[in-house]
**Student:** 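Pasting a structure here, questions to come.
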Amino acid sequence: MMKLFPWRLTVQAHSILYYKIPSLSFINFSPSLFHSQPEQQDIFDPPFSSTLKTHKPKKSITEKHENAASNEDSEKALNFTVNSDLPFDFRYSYSETNPAVEPIGFREPPRFSPFGPGRLDRKWTGTSAPRLQPVDLEKVAEERRRILGKPLSEEETAELVEKYRHNDCSRQMNLGRGGVTHNMLEDIHNYWKKAEAVRIKCLGVPTLDMDNICSHLEDKSGGKVIYRHINILLLYRGRHYDPKSRPTVPVMLWKPLAPIYPKLVKNVADGLTFEETKAMRNEGLNAPPLTKLSRNGVYVNVVGKVRAAFETEEVVRLDCTHVGTSDCKRIGVKLRDLVPCVPILFKNEQIILWRGKKDEEQNSSS
């Protein structure tokens, strides 16, 4: 029996010890000290608690239909295709790119459209999204004249200029090195919802040719430039402009990488030998700078200065310290077409321009 119930033996031993040893009489021996009784399992003990399955309430039929409708709406939003009737090809920059010059390579695959996959009814070619249907230019010009309405009087023009030309004007946009970009058209129409005109502050390389900026702004937006002072423009929306019937301008989701164009500076300039080209470059590097250009500055007077310098000098140097290599090349390309001249060297943010041969200048002027 003792073998079957060993705990009875331990209880008897405890009672003998309790009575035989008086010094230990104050100690209360209990069987729990030697044999721990199985305690109640704590269901909230993380290592040993069982996982409780939470039963989700069943959705009603109406909730299922609502979730299905919301999913369909989200899919439609993702697959939304914009059908734009704007009468020109979409580009990232309209004023700083020349459609006549074809690139020789791309830095990203042309199949990736910056408008997003399936969000535009036009195909992206790597540099532009050309219009699919032909454009009726007479109809477009007539619609633009209708929106502009009767020309502004001198009093109306002066009132608008006084209202929007100041620096503290809240209806202002900044035009930077990208020039007249595609997303800028959307911003212009958003400003025209609550204002008759928008103030545009131009900075950087595009200021070399302000006429080009004004023409692209009027052509792409449909407005009219009513004020121009150095690099400040006021673009008027028109008398009969209706924000509810404004054209749809799809937005570019990211800036596409610039394609690769042919080399700007040749090893040997046209009309010169290698030794003569090298001598021209050394002469330009040692010549004093005609002017010093700052980053994102105003270059309105640079073309006139270069033209005046070429009347007496054959080589001109422009100091473009801290302007950046990319902007230096953009400045050289614009001066080549506007002056005109021949850029023969870009080195250490210095631009060396050669006026070309006088016989060629006389032939071009004649």
**Student:** Counting only heavy atoms not in Lys224, do more than 12 sit closer than 6.0 Å to its NZ atom?
**Tutor:**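 Open.
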**Student:** Of all the heavy-atom pairs spanning Pro206 and Ile213, show the shortest one and how long it is.
**Tutor:**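 Where Pro206 meets Ile213 most closely, the heavy atoms are O-CD1, 3.2 Å.
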**Student:** Passes side-chain contact (heavy atoms from CB on, under 4.5 Å), Leu185 versus Tyr94? Steps please.
**Tutor:** CA-CA 11 Å; Leu185 304 179; Tyr94 298 105; 4.0 Å; yes
**Student:** Side chains of Asp319 and Thr321: do they bring a donor and an acceptor to under 3.5 Å?
**Tutor:**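 Per modelled atom types, Asp319 and Thr321 side chains form a pair under 3.5 Å.
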**Student:** Apply side-chain contact (heavy atoms from CB on, under 4.5 Å) to Leu253 and Arg119, showing your working.
**Tutor:** CA-CA 10 Å; Leu253 303 182; Arg119 296 181 62 87; 4.2 Å; yes
**Student:** Just verifying a value: how many Å separate Trp192 CH2 and Tyr236 OH, rounded to the nearest 0.5 Å?
**Tutor:**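 Going from the CH2 atom of Trp192 to the OH atom of Tyr236 covers 10.0 Å.
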**Student:** Kindly determine whether Glu186 and Arg246 satisfy salt bridge (charged side-chain N to carboxylate O under 4.0 Å, His left out), including the steps that lead there.
**Tutor:** CA-CA 10 Å; Glu186 176 69 15; Arg246 49 158 286 186; 2.7 Å; yes
**Student:** Are side-chain heavy atoms of Lys305 and Val302 found at a separation under 4.5 Å?
**Tutor:**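 With C-beta onward as the side chain, the pair stays apart.
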**Student:** How about CD on Glu108, more than 12 heavy atoms from neighbouring residues, nucleotides or ligands closer than 6.0 Å, or not?
**Tutor:**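 Buried by this count: over 12 neighbours within 6.0 Å.
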**Student:** For Thr125 and Pro110, which heavy atoms make the closest approach, and how far apart are they?
**Tutor:**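 That closest heavy-atom pairing would be O-CB, 3.7 Å.
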**Student:** Salt bridge between Asp270 and Lys266, side-chain N to carboxylate O under 4.0 Å?
**Tutor:**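 Yes, charged N to carboxylate O under 4.0 Å.
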**Student:** Please answer: with hydrophobic residues joined when any side-chain heavy atoms are less than 4.5 Å apart, are Val303 and Leu264 in the same cluster?
**Tutor:**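 Both belong to a single hydrophobic cluster.
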**Student:** Could you pull out the closest heavy-atom pair between Pro250 and Thr248, with the gap in Å?
**Tutor:**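 Distance-wise, the nearest heavy atoms are CD-O, 3.6 Å.
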**Student:** Using every non-hydrogen atom in the two residues, find where Leu148 and Gly222 come nearest and quote the distance to one decimal.
**Tutor:**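 Closest pair (atom of Leu148, atom of Gly222, distance): CD2-O, 3.8 Å.
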**Student:** Should Leu233 and Val198 be counted in the same cluster of Ile, Leu, Val, Met, Phe, Trp and Tyr side chains packed under 4.5 Å apart?
**Tutor:**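 Leu233 clusters together with Val198.
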**Student:** Report yes if the side chains of Lys163 and Cys169 come closer than 4.5 Å at any heavy-atom pair, otherwise no.
**Tutor:**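 Heavy-atom side-chain distance check fails, nothing below 4.5 Å.
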**Student:** Mark yes or no for whether Arg107, through its side chain, and Pro259, through its backbone, hold a donor-acceptor pair below 3.5 Å.
**Tutor:**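 At least one qualifying donor-acceptor pair exists.
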**Student:** Test side-chain contact (heavy atoms from CB on, under 4.5 Å) on Arg165 and Glu162 and set out the steps.
**Tutor:** CA-CA 6 Å; Arg165 72 178 179 87; Glu162 183 62 26; 3.6 Å; yes
**Student:** Just wondering, more than 12 heavy atoms not from His240 lying within 6.0 Å of its NE2?
**Tutor:**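 Correct, the count exceeds 12.
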**Student:** Less than 3.5 Å apart, which donor and acceptor atoms pair up between the side chains of residues 85-93 and the rest of the protein, not counting sequence neighbours?
**Tutor:**
| from | atom 1 | to | atom 2 | distance (Å) |
| --- | --- | --- | --- | --- |
| Asp89 | OD1 | Arg131 | N | 2.9 |
| Ser93 | OG | Glu96 | N | 3.3 |
| Ser93 | OG | Gly178 | O | 2.5 |

**Student:** Do you know which two heavy atoms are closest between Ile200 and Met184, and how far apart they sit?
**Tutor:**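 Closest approach of Ile200 to Met184: CG2-CE, 3.9 Å.
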**Student:** One thing to verify: whether Glu142 and Arg145 come together as a salt bridge, which I'm taking to mean a side-chain N less than 4.0 angstrom from a carboxylate O.
**Tutor:**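 A salt bridge is absent here (no side-chain N lies under 4.0 Å from a carboxylate O).
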**Student:** Any sub-3.5 Å donor-acceptor pair from Asn231's side-chain atoms to Cys202's backbone N or O?
**Tutor:**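 Yes; judged by distance alone, with no hydrogens or angles, the pair exists.
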**Student:** Among Thr277, Thr273, Leu272, find the one that has a side-chain contact (heavy atoms from CB on, under 4.5 Å) with Glu275.
**Tutor:**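 Single pass found, and it is Thr273.
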**Student:** Just how far is it from atom NZ of Lys139 to atom CG of Leu137, taken to the nearest 0.5 Å?
**Tutor:**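 Spacing of NZ (Lys139) from CG (Leu137) equals 12.5 Å.
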**Student:** Roughly how far, to the nearest 0.5 Å, is the CG atom of Leu208 from the CG atom of Asn301?
**Tutor:**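 One gets 10.5 Å once the value is rounded to the nearest 0.5 Å.
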**Student:** Distance from Gln133 atom CD to Arg122 atom CZ, nearest 0.5 Å?
**Tutor:**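 Answer rounded to 0.5 Å: 9.5 Å.
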**Student:** Taking Tyr191 for its side chain and Gln172 for its backbone only, find out whether a donor-acceptor pair lies under 3.5 Å.
**Tutor:**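 Yes; at least one donor-acceptor contact below 3.5 Å.
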**Student:** Indicate if Leu217 and Tyr164 have the same hydrophobic cluster label, given that clusters are the connected sets of ILVMFWY residues with side-chain heavy-atom separations under 4.5 angstrom.
**Tutor:**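 As far as the 4.5 Å side-chain criterion goes, Tyr164 and Leu217 are not connected within one cluster.
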**Student:** Parallel under 30°, tilted from 30 to 60°, perpendicular over 60°: which one fits the rings of Phe115 and Trp124?
**Tutor:**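 Ring orientation, 0 to 90° scale: perpendicular.
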**Student:** Indicate yes or no for a side-chain donor-acceptor contact from Thr207 to the backbone of Tyr299 under 3.5 Å, with no hydrogens or angles considered.
**Tutor:**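 Yes; at least one donor-acceptor contact below 3.5 Å.
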**Student:** Answer whether the closest heavy-atom distance between the side chains of Trp354 and Glu313 falls below 4.5 Å.
**Tutor:**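 Counting from C-beta outward, Trp354 and Glu313 never come under 4.5 Å.
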**Student:** Do Leu160 and Thr157 have side chains that get closer than 4.5 Å, going by heavy atoms?
**Tutor:**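 Answer no - side chains too far apart.
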**Student:** When you measure from the side chain of Asn348 to the backbone N and O of Gln350, does any donor-acceptor pair fall under 3.5 Å?
**Tutor:**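 Not at all, since once roles are kept as given, no pair shorter than 3.5 Å links the two residues.
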**Student:** With no hydrogens and no angle check, is any side-chain donor or acceptor of Glu218 less than 3.5 Å from a backbone partner on Gly223?
**Tutor:**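 Not at all, since once roles are kept as given, no pair shorter than 3.5 Å links the two residues.
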**Student:** How long is the straight-line distance from NZ of Lys193 back to CD1 of Ile188, given to the nearest 0.5 Å?
**Tutor:**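 That separation rounds to 14.0 Å.
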**Student:** Scan the side chains in residues 323-345 for donor-acceptor partners under 3.5 Å anywhere in the protein, sequence neighbours excluded, and list what turns up.
**Tutor:**
| from | atom 1 | to | atom 2 | distance (Å) |
| --- | --- | --- | --- | --- |
| Ser326 | OG | Arg177 | NH2 | 3.1 |
| Asp327 | OD1 | Arg177 | NE | 3.4 |
| Asp327 | OD1 | Arg177 | NH2 | 3.0 |

**Student:** Are Val265 and Tyr261 connected in a single hydrophobic cluster, I mean Ile/Leu/Val/Met/Phe/Trp/Tyr linked by side-chain heavy atoms less than 4.5 Å apart?
**Tutor:**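 No: no chain of side-chain contacts under 4.5 Å links Tyr261 to Val265.
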**Student:** Determine the minimum heavy-atom distance between Ser95 and Val180, stating which atoms define it.
**Tutor:**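 Heavy atoms only, the tightest pair is OG-N, 2.9 Å.
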**Student:** Going hydrophobic residue to hydrophobic residue with side-chain gaps under 4.5 angstrom, can you get from Val306 over to Val205?
**Tutor:**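 Same hydrophobic cluster.
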**Student:** Just how far is it from atom OG of Ser128 to atom NE2 of His182, taken to the nearest 0.5 Å?
**Tutor:**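 Going from the OG atom of Ser128 to the NE2 atom of His182 covers 12.0 Å.
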**Student:** If only side-chain N and O atoms count, and only distance matters, is there a donor-acceptor pair under 3.5 Å linking Asn167 with Arg199?
**Tutor:**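 The answer is yes; a qualifying pair exists.
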**Student:** Apply side-chain contact (heavy atoms from CB on, under 4.5 Å) to residues Ile352 and Leu285 and explain how you reach the verdict.
**Tutor:** CA-CA 7 Å; Ile352 310 301; Leu285 289 173; 4.1 Å; yes
**Student:** Indicate whether the side chain of Arg281 and that of Asn286 have a donor and an acceptor atom separated by less than 3.5 Å.
**Tutor:**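 No - no donor-acceptor pair under 3.5 Å links their side chains.
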**Student:** Check this for me, if you would: do Glu156 and Arg239 make a salt bridge, where the nitrogen-to-carboxylate-oxygen distance has to be below 4.0 angstrom?
**Tutor:**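 Between Arg239 and Glu156 there is a salt bridge, with a charged N closer than 4.0 Å to a carboxylate O.
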